[in-house]
Peer 1: 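Take this structure first; my questions come after.
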Amino acid sequence: MLAVWLTVIVLACLVEGITQFQLVSIWAVFGGLAALICDLCGLDKTVQIVVFFVVTILLLVLTIPLVKKLRQFKKTPTNADMYIGKKGKVTKIINSDEGLFQVRVDNCEWSAITGDRTLLPLGTEISVESIEGVKLIVSPTQQTANAK
């Protein structure tokens with residue numbers, strides 16, 4: 001059983017490493033270590049298997065609150081978020097094939113696209129919907145849409 005427990009430990013470590021330490025299989029590592037110790041002490045194979053599952057499940061149950069706390073991701077607002085909802089104008093066409101243009105919002109120039117990648121003409125009034133990387137995702141304002 002020595003080879004079995006070493007294999008379980010190594011595979012669980014590999015899975016944990018591949019998942020970038022997202023706490024997916026760490027409990028099986030400790031269960032395997034406990035079972036390996038039982039094997040080295042000469043305990044029966046059935047006892048080793050029971051110890052593996054008991055330690056693995058016990059650690060899983062005891063660490064669930066910690067895992068939930070570590071996995072909580074809270075979006076931190078940035079200064080760029082203040083542009084969401086603001087109005088601006090299309091000032092320059094950058095790449096008409098990709099629907100990329102430049103807009104001015106609060107005296108700052110931004111690269112922008114629409115959600116459906118349609119190109120807006122120069123002078124179109126826009127509203128900032130969201131930010132994706134360094135581009136604003138915009139839509140034409142109601143005034144502009146009504147004027148068409």
Side-chain angles (χ1 to χ4, degrees), residues 1-39 48-148:
M1 288 297 287
L2 179 69
V4 170
W5 298 124
L6 288 174
T7 303
V8 167
I9 293 167
V10 168
L11 287 176
C13 283
L14 285 173
V15 168
E16 195 65 39
I18 289 170
T19 60
Q20 298 177 355
F21 302 100
Q22 292 290 314
L23 301 177
V24 173
S25 63
I26 193 70
W27 304 280
V29 173
F30 290 108
L33 284 171
L36 180 65
I37 291 169
C38 290
D39 184 51
Q48 295 173 35
I49 294 170
V50 169
V51 166
F52 170 77
F53 283 108
V54 168
V55 169
T56 301
I57 293 169
L58 187 64
L59 284 174
L60 177 62
V61 170
L62 290 175
T63 58
I64 283 175
L66 173 67
V67 171
K68 283 184 179 178
K69 188 176 182 179
L70 290 174
R71 284 191 166 184
Q72 284 179 348
F73 177 74
K74 187 195 246 183
K75 183 180 177 188
T76 306
T78 64
N79 289 340
D81 291 336
M82 71 182 181
Y83 287 98
I84 296 174
K86 298 251 178 153
K87 308 287 185 221
K89 273 192 176 183
V90 176
T91 58
K92 182 179 178 183
I93 305 299
I94 298 174
N95 186 331
S96 57
D97 293 335
E98 293 179 15
L100 185 62
F101 47 90
Q102 192 169 4
V103 296
R104 179 176 285 272
V105 179
D106 282 351
N107 291 324
C108 290
E109 296 289 332
W110 285 82
S111 293
I113 57 172
T114 59
D116 59 0
R117 300 267 182 182
T118 56
L119 188 62
L120 298 178
L122 289 174
T124 303
E125 289 189 23
I126 53 93
S127 177
V128 179
E129 303 293 325
S130 63
I131 299 173
E132 189 176 285
V134 295
K135 287 188 206 102
L136 297 180
I137 310 301
V138 302
S139 62
T141 61
Q142 286 292 72
Q143 296 168 348
T144 305
N146 291 338
K148 288 183 178 179

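Quick caveat: nothing in here was measured; it's all calculated off a predicted structure.
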Peer 1: I need the single residue from I94, V90, N95, I93 that forms a side-chain contact (heavy atoms from CB on, under 4.5 Å) with L119. Which is it?
Peer 2: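 Answer after filtering I94, V90, N95, I93: I93.
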Peer 1: Hey, is the main chain of L120 close enough, under 3.5 Å, to the side chain of T124 for a donor-acceptor pair?
Peer 2: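 No: the side chain of T124 does not pair with the backbone of L120.
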Peer 1: Indicate the atoms forming the closest heavy-atom contact of L100 with A112, along with that distance.
Peer 2: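 In terms of heavy atoms, the two residues are closest at CD1-O, 3.4 Å.
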Peer 1: Short question: side chain of E129, backbone of I84 - any donor-acceptor pair under 3.5 Å?
Peer 2: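 Side chain of E129 to backbone of I84, a donor-acceptor pair under 3.5 Å: no, none is there.
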Peer 1: Would you check if I57 and W27 make a side-chain contact, meaning some heavy-atom pair closer than 4.5 Å?
Peer 2: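 No, every pair of side-chain atoms sits at 4.5 Å or beyond.
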Peer 1: Measure the spacing between CD1 of I64 and CG of L59 and express it to the nearest 0.5 Å.
Peer 2: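 Reported to 0.5 Å precision, the distance equals 11.0 Å.
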Peer 1: Could you tell me whether the side chains of Q102 and T91 share a donor-acceptor contact shorter than 3.5 Å?
Peer 2: no
Peer 1: Would you indicate whether the side-chain heavy atoms of S111 and L136 approach each other to under 4.5 Å?
Peer 2: no
Peer 1: Taking all heavy atoms of V29 and all of A12, pick out the closest pair and write down the distance.
Peer 2: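 Reported closest heavy-atom pair: CG2-CB, 3.5 Å.
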Peer 1: So, taking the atom named CD1 in I9 and the one named CZ in F30, what distance separates them when rounded to the nearest 0.5 Å?
Peer 2: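 Output value for this atom pair is 10.0 Å.
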Peer 1: Using 0.5 Å steps for rounding, measure from the NZ atom of K89 to the CG atom of L122.
Peer 2: 11.0 Å
Peer 1: Side-chain contact, heavy-atom cut-off 4.5 Å: L33 with W5?
Peer 2: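 No, too far: nothing below the 4.5 Å cut-off.
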Peer 1: Hey, does V105 have a side-chain heavy atom less than 4.5 Å from the side chain of I126?
Peer 2: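 In contact.
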Peer 1: Among L60, T56, L62, find the residue that satisfies the side-chain contact (heavy atoms from CB on, under 4.5 Å) test when tested with L58.
Peer 2: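 The residue from L60, T56, L62 that satisfies side-chain contact (heavy atoms from CB on, under 4.5 Å) with L58 turns out to be L62.
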Peer 1: Heavy atoms only: give me the nearest V51-A35 pair and the separation to one decimal.
Peer 2: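 Heavy atoms of V51 and A35 come nearest at CG1-N, 4.2 Å.
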Peer 1: Test I131 against I137 for side chain to side chain contact (heavy atoms under 4.5 Å, CB included), laying out the working first.
Peer 2: CA-CA 6 Å; I131 299 173; I137 310 301; over 6 Å; no
Peer 1: If you count heavy atoms of other groups shown closer than 6.0 angstrom to OH of Y83, is the number above 12?
Peer 2: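 More than 12 within 6.0 Å, yes.
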Peer 1: Please determine whether the number of non-hydrogen atoms from other residues, nucleotides or ligands lying under 6.0 Å from atom CD of E109 exceeds 12.
Peer 2: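 It does: E109 CD has more than 12 such atoms within range.
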Peer 1: Is it true that a side-chain atom of Q48 and a backbone atom of C38 form a donor plus acceptor pair closer than 3.5 Å?
Peer 2: no
Peer 1: Under the rule for side chain to side chain contact (heavy atoms under 4.5 Å, CB included), what residues qualify as partners of I37, not counting sequence neighbours?
Peer 2: C41
Peer 1: Work out which heavy atom in K87 is nearest to a heavy atom in S127; give both atom names and the distance.
Peer 2: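 Nearest heavy atoms, K87 then S127: NZ-OG, 3.5 Å.
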Peer 1: Report yes or no: does T114 contribute a side-chain atom to a donor-acceptor pair with the main-chain N or O of R117 at less than 3.5 Å?
Peer 2: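 Yes; judged by distance alone, with no hydrogens or angles, the pair exists.
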Peer 1: Please round to the nearest 0.5 Å and tell me the distance separating atom OG1 of T63 and atom CG of L23.
Peer 2: 7.5 Å
Peer 1: A side-chain contact here means heavy atoms from C-beta on lying under 4.5 Å apart; do L2 and L36 qualify?
Peer 2: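 Result yes, sub-4.5 Å side-chain heavy-atom pair found.
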